[in-house]
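We name chains A, B, ... by the order of the sequence lines, and we start the count at 1 in each one.
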Protein chains: 2
Amino acid sequence: MKIKCRSVYAEGVAQRGSYAKGVAKREEILERALAVIAREGYRGASVKEIADAVGLSQAGLLHYFDSKEELFTEILRKRDEVDMVHYAPLSPEEKEERADLRHGYLDVIRHNRDVPGLVQLFSRLSVDAADPQHPAHKYFIERNDTLRAVFAHALAQRQSAGELTARVDPETLARIFQAVADGMQIQWMLDPDVDMAATVDALFDALTTPKKDGTRDAAS
Amino acid sequence: MKIKCRSVYAEGVAQRGSYAKGVAKREEILERALAVIAREGYRGASVKEIADAVGLSQAGLLHYFDSKEELFTEILRKRDEVDMVHYAPLSPEEKEERADLRHGYLDVIRHNRDVPGLVQLFSRLSVDAADPQHPAHKYFIERNDTLRAVFAHALAQRQSAGELTARVDPETLARIFQAVADGMQIQWMLDPDVDMAATVDALFDALTTPKKDGTRDAAS
DNA sequence: GTCTATACTCGGATAGAC
DNA sequence: GTCTATCCGAGTATAGAC
C-alpha cells in the first residue's frame, strides 16, 4: 500500500452510517481531536480546548465521553488504530512477513517527530495511568503487552537467524526496546534536537551479532 | 563509608546554624518532604498535603518556595543530593575508581523500588518539564547532561578494555541507558512486578563483548 | 516566620431549555 | 444531540494578624 499523505491524522473523515449515528460522530470527534493535538500540541489541554477545536461546546463534547480522562484515553486508542493502518506493526497476521520490524519500528518513531502533541499526551498519560483506578490503566497494560509480544516474536526470529545477540531472551529484549522508545520520547521532548530514531537504530546495531569477516552487517 | 540505614531519606535531620536560619529550615523542609513522598507516594500531591506532612500550613510552606513547581523541583534536587552521598555515581573526582559503574547504577535502580513516590514525582515532572517555561526544565537538562557525560566516560573505558561492544559510540550508549532507565520506571509503575534492575542488567549483558573462548570476538 | 482567612482561577461536571 | 448557564470543588496564591 502506497499511502503517503502529509498528515496521517487527517481531519473530517467521518464515515456517516445510517444507524449508530452516535458512534460515527464519536469517531469523527476522536479523529479531529487527534489531528488538533498532533498539530497544535498538548500541554495539559482541557476538555474545553478540545471541544473548541472540534467545534462543540464542552458539554456537547462530554455528551460522548464519561470524563476527561476517558476522552484522552480514547484519543490514544484512536491514534493506535490510525498508526496500525499506516504502519501495521501490530497486525498478527502479517508479522510473519515483517521479519524486519526494525524499519517499521523506526518509521513509527520518525513519524512521532511530526506529532509532538501526541507524544506529550502519551507520555503524560503513561505516568498518570500508573494508578490502577485511572481509565487508561488497562489500555497501557494491554497495549504494552501486545506490542512486546509481537516484538519478542520478531526478535526471536532474528536470534534464530544468528543476526541478533542471544545473550538475552527475546522477551527481555522486547522490554528493553519498549523502555528505550518511551525514554527517548522524554529526552526528545526535553530537547527536540535529539534523534530518537537514530538512537534506537544504534541499539539495533549494538545488539547485532558481528559478521565473521569483521565487516558490519547492514541488517536486513 | 559504610552507611547502611533502613531509610536513605531520613526525617528530621536539620543542621541548625546560627546564621542563614532560613536556609537551614528550607533544607529541613526538603528532607522531610522527601521522606514523606518516598514513603507515602505522590499522586499529584498538592502543596497542602506536603505542608501537612512537614508540619506547616500551606502558606507557611510557600514562604520558602516561590511556587508549587519550584517546591517539587527542589525536592528532586535534594533527592539527587542525598543519592549522590549514598551512591556517588555522579562525583567526577571518584569516577576513575568506579570503573564498574554497573553495580553502582544497579544499586540506585534497586533502591528506587523502595521509593515509588519519588519515581512517580520524577517521571511526572520529566514530562511536564518539557515546557521550557517550567521551573524544572533546566534542572532536567543539566541533570541528564551530567549523568550522561559520566556514564559515557565510564562506558568508553569499558570499550577500550574490550569488554563492551564498540559498535556504537559511548555517548549514544549513555543515552540509551538513560532512556532505558526512564522507560523502565514507567513500566514498573504500571506493573510493579517488572524487575527494573534485572532488565537494565540484561542490557549490560547484551552489550558485553563475548569472551574469546566462546564464539569469535569482533570488538575494536 | 508562621498562622488564619480569603480571594481568585480554572476546569470538570450537571441541569435544563431548545 | 447540542447548547447555555451554573455549580462546585480543588488548589494556588496572597493579605494581614500575631
Side-chain angles (χ1 to χ4, degrees), chain A residues 12 14-33 36-37 40-75 120-121 124-125 128-129 131 133-136, chain B residues 12 14-33 36-37 40-75 120-121 124-125 128-129 131 133-136:
Chain A
Q15 68 280 34
R16 203 151 282 252
S18 51
Y19 68 108
K21 169 88 171 308
V23 174
K25 176 76 178 182
R26 190 179 143 118
E27 293 306 302
E28 182 191 338
I29 290 172
L30 289 176
E31 282 164 19
R32 303 189 73 143
V36 170
I37 293 176
E40 306 193 351
Y42 162 87
R43 9 196 141 281
S46 66
V47 174
K48 172 86 164 51
E49 287 177 83
I50 304 297
D52 288 348
V54 163
L56 265 84
S57 69
Q58 189 231 29
L61 176 54
L62 280 187
H63 174 70
Y64 293 94
F65 303 90
D66 290 340
S67 69
K68 172 192 180 168
E69 293 177 333
E70 198 222 323
L71 165 62
F72 284 111
T73 305
E74 291 308 309
I75 290 175
Q120 226 177 319
L121 173 59
R124 176 63 178 280
L125 243 54
D128 292 353
D131 179 357
Q133 303 306 310
H134 194 286
Chain B
Q15 67 281 33
R16 202 152 282 251
S18 52
Y19 70 107
K21 170 87 174 308
V23 174
K25 177 74 179 181
R26 190 180 144 116
E27 292 306 301
E28 183 192 336
I29 290 172
L30 289 176
E31 281 163 19
R32 304 190 73 145
V36 170
I37 293 176
E40 306 193 352
Y42 162 86
R43 10 193 141 282
S46 64
V47 174
K48 172 88 165 51
E49 285 178 84
I50 303 297
D52 288 347
V54 163
L56 263 78
S57 69
Q58 188 232 27
L61 176 54
L62 280 187
H63 175 69
Y64 294 95
F65 303 91
D66 291 340
S67 69
K68 172 192 180 168
E69 293 177 332
E70 197 222 325
L71 166 62
F72 283 111
T73 305
E74 292 308 309
I75 290 175
Q120 225 176 319
L121 173 59
R124 177 63 180 282
L125 244 54
D128 292 353
D131 180 356
Q133 303 306 310
H134 195 287

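Taking atom CD of A:E70 as the reference point, atom C1' of C:dA13 lies 14 Å away to the nearest angstrom. Between A:R26 atom CZ and D:dT2 atom P the separation is 14 Å, expressed in whole Å. The CG-C1' distance, from B:L56 to C:dT4, rounds to 14 Å in whole Å. Rounded to an integer number of Å, the gap from OH of A:Y64 to C1' of C:dG12 is 19 Å. For the pair A:L61 CG and C:dA13 P, the computed distance is 11 Å after rounding to whole Å. Atom NE2 of A:H63 is separated from atom P of D:dG1 by 4 Å (rounded to the nearest Å).
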Base versus backbone protein contacts along nucleotides 11-18 of chain D [heavy-atom cut-off under 4.0 Å; B, S, -]
-BBBB---
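We find that A:D128 and B:R43 are not joined by a salt bridge, their nearest charged nitrogen and carboxylate oxygen being 4.0 Å or further apart.
Within the 3.5 Å criterion, the main-chain N or O of B:D66 finds a donor-acceptor partner in the side chain of B:E70. Of the possible polar contacts, none joining the B:Q58 side chain to the B:V47 backbone as a donor-acceptor pair under 3.5 Å is found.
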Start with the C-alpha distance between B:E49 and B:D52, add both sets of side-chain angles, then the distance that settles side chain to side chain contact (heavy atoms under 4.5 Å, CB included), and finish with yes or no.
CA-CA 5 Å; B:E49 285 178 84; B:D52 288 347; 5.7 Å; no
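Residues B:I50 and B:F65 have side chains not in contact (no heavy-atom distance under 4.5 Å, counting atoms from C-beta outward).
Applying the salt bridge (Lys or Arg N to Asp or Glu O under 4.0 Å) criterion to A:E74, with sequence neighbours excluded, gives A:R26, A:R77.
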